[in-house]
Amino acid sequence: MASKTILELPLALILALSLPAPCGICLSQCSPAEYEVMGGCCPMCSPGAGLRIKRNCSSSSDTLCEPLEGHYCTDPIKDGCRGAVEHTKCLPGQYINQPGSASSDTVCDDCGNNTYSDGTFTSCRPHTQCVSLGLWTRTAGTHTADAECEMRRHHVVLWVQLATFCIAAVVLLACWHRKRS
């Protein structure tokens, strides 16, 4: 009898271990790149590659990922994406010829002569023509910055002298007119 009990013990232990455990003590069988949904494992979107979940997995399909805002897909699959990177940022002296989308990178082009961009413009802007504004050019424009204009000091002095002369002329005319009356 004792030998029968010893044989039954391992069989009972094997049966107990093969039965599903209550949910409170279940350990996930999913890999670190997966998450558990209703007892099954679903793949996660690649970490750190600019992706987010487009559609959660189900019993009939895997997780579908899509690029985050400001990223584009570098590894497209049917209805989704496996890899994404951030859009290129145009450099100063370049303009955004074509903004990036979820499926394509930003296209940057260089500014031509007498134009500039800080890298965020959608077209190059012409340099300010200081002379046409009656000003002097302090700093000539470059591909990355506009021209800087200034009023020369002697221009300021001339304007002050002209204003003083006009005021004096008005006062003198007023006095002369008063004497005649």
Side-chain angles (χ1 to χ4, degrees), residues 28 30-38 40-167 169-170:
S28 175
C30 300
S31 75
E34 298 175 317
Y35 63 97
E36 187 174 339
V37 174
M38 297 186 297
C41 296
C42 292
M44 292 182 190
C45 294
S46 300
L51 294 174
R52 65 178 170 216
I53 294 175
K54 178 179 180 179
R55 185 181 72 212
N56 286 318
C57 78
S58 67
S59 59
S60 61
S61 67
D62 280 342
T63 303
L64 273 183
C65 303
E66 65 183 356
L68 291 169
E69 185 70 30
H71 293 71
Y72 70 100
C73 186
T74 57
D75 190 5
I77 57 172
K78 185 178 188 300
D79 296 328
C81 183
R82 283 190 289 224
V85 295
E86 191 172 357
H87 289 136
T88 296
K89 296 199 181 333
C90 296
L91 301 172
Q94 297 179 322
Y95 68 99
I96 301 168
N97 187 346
Q98 183 177 350
S101 68
S103 61
S104 65
D105 195 10
T106 302
V107 176
C108 303
D109 279 329
D110 295 332
C111 290
N113 290 338
N114 299 317
T115 63
Y116 72 100
S117 172
D118 66 0
T120 64
F121 302 157
T122 55
S123 63
C124 295
R125 297 181 182 171
H127 291 135
T128 300
Q129 300 300 314
C130 299
V131 174
S132 67
L133 300 174
L135 303 171
W136 292 89
T137 302
R138 175 189 301 166
T139 307
T142 65
H143 288 343
T144 61
D146 194 9
E148 292 182 28
C149 305
E150 70 179 354
M151 191 180 289
R152 293 286 176 142
R153 213 176 274 213
H154 70 274
H155 280 153
V156 173
V157 170
L158 288 175
W159 282 107
V160 169
Q161 288 174 344
L162 181 61
T164 304
F165 175 76
C166 289
I167 292 170
V170 168

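If you're wondering where the values come from, they're calculated on a predicted model, not measured in any experiment. FYI, side chains are in, hydrogens and waters are out, and symmetry mates aren't considered; it's all heavy atoms of this structure.
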What's the separation between atom [atom1] in [X] and atom [atom2] in [Y], rounded to the nearest 0.5 Å?
X: Cys124; Y: Asn114; atom1: SG; atom2: CG; result: 11.5 Å
X: Cys166; Y: Gln161; atom1: SG; atom2: CD; result: 12.0 Å
X: Asp146; Y: Ser117; atom1: CG; atom2: OG; result: 11.5 Å
X: Thr137; Y: Glu150; atom1: OG1; atom2: CD; result: 9.0 Å
X: Arg55; Y: Asp62; atom1: CZ; atom2: CG; result: 9.0 Å

Starting from the C-alpha separation in whole Å, work towards a yes-or-no answer on side chain to side chain contact (heavy atoms under 4.5 Å, CB included) for Cys149 and Thr128.
-> CA-CA 8 Å; Cys149 305; Thr128 300; 3.8 Å; yes
Main-chain N/O of [Y] paired to [X] side chain as donor or acceptor, under 3.5 Å:
X: Asp110; Y: Gln94; answer: no
X: Ser46; Y: Ala49; answer: no
X: His127; Y: Thr142; answer: yes
X: Ser101; Y: Ser104; answer: yes
X: Thr106; Y: Pro99; answer: no

Answer whether the closest heavy-atom distance between the side chains of Arg52 and Glu66 falls below 4.5 Å.
->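 With C-beta onward as the side chain, the pair touches.
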List the steps, then state whether side chain to side chain contact (heavy atoms under 4.5 Å, CB included) holds for Leu51 with Cys81.
-> CA-CA 8 Å; Leu51 294 174; Cys81 183; 3.8 Å; yes
Assess whether side chain to side chain contact (heavy atoms under 4.5 Å, CB included) is satisfied between Thr144 and Tyr116, documenting all intermediate values.
-> CA-CA 5 Å; Thr144 61; Tyr116 72 100; 6.0 Å; no
Nearest heavy-atom pair of Cys45 and Thr63: which atoms, and what distance?
->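 Between these two residues, the closest heavy atoms are SG-CG2, 4.4 Å.
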Could you pull out the closest heavy-atom pair between Cys90 and Ile96, with the gap in Å?
->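 So the two residues come closest at SG-CG1, 3.7 Å.
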Side chain to side chain contact (heavy atoms under 4.5 Å, CB included) with Tyr95: which of Val107, Thr120, Asp109?
->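 Considering Val107, Thr120, Asp109, a side chain to side chain contact (heavy atoms under 4.5 Å, CB included) with Tyr95 is found only for Asp109.
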Output all residues satisfying side-chain contact (heavy atoms from CB on, under 4.5 Å) with Thr139, sequence neighbours left out; order by chain, then residue number.
->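 Scan of Thr139 (side-chain contact (heavy atoms from CB on, under 4.5 Å), adjacent residues dropped) gives Glu148.
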Donor-acceptor pairs under 3.5 Å, side chain of residues 67-79 to any protein atom, not counting sequence neighbours: which ones?
| from | atom 1 | to | atom 2 | distance (Å) |
| --- | --- | --- | --- | --- |
| His71 | ND1 | Glu69 | O | 3.2 |
| Thr74 | OG1 | Gly83 | O | 3.1 |
| Asp75 | OD2 | Arg82 | NE | 3.4 |

Report yes if the SG atoms of Cys42 and Cys30 are separated by under 2.5 Å, and no otherwise.
->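 No, because the SG atoms of Cys42 and Cys30 are not under 2.5 Å apart, which misses the disulfide cut-off.
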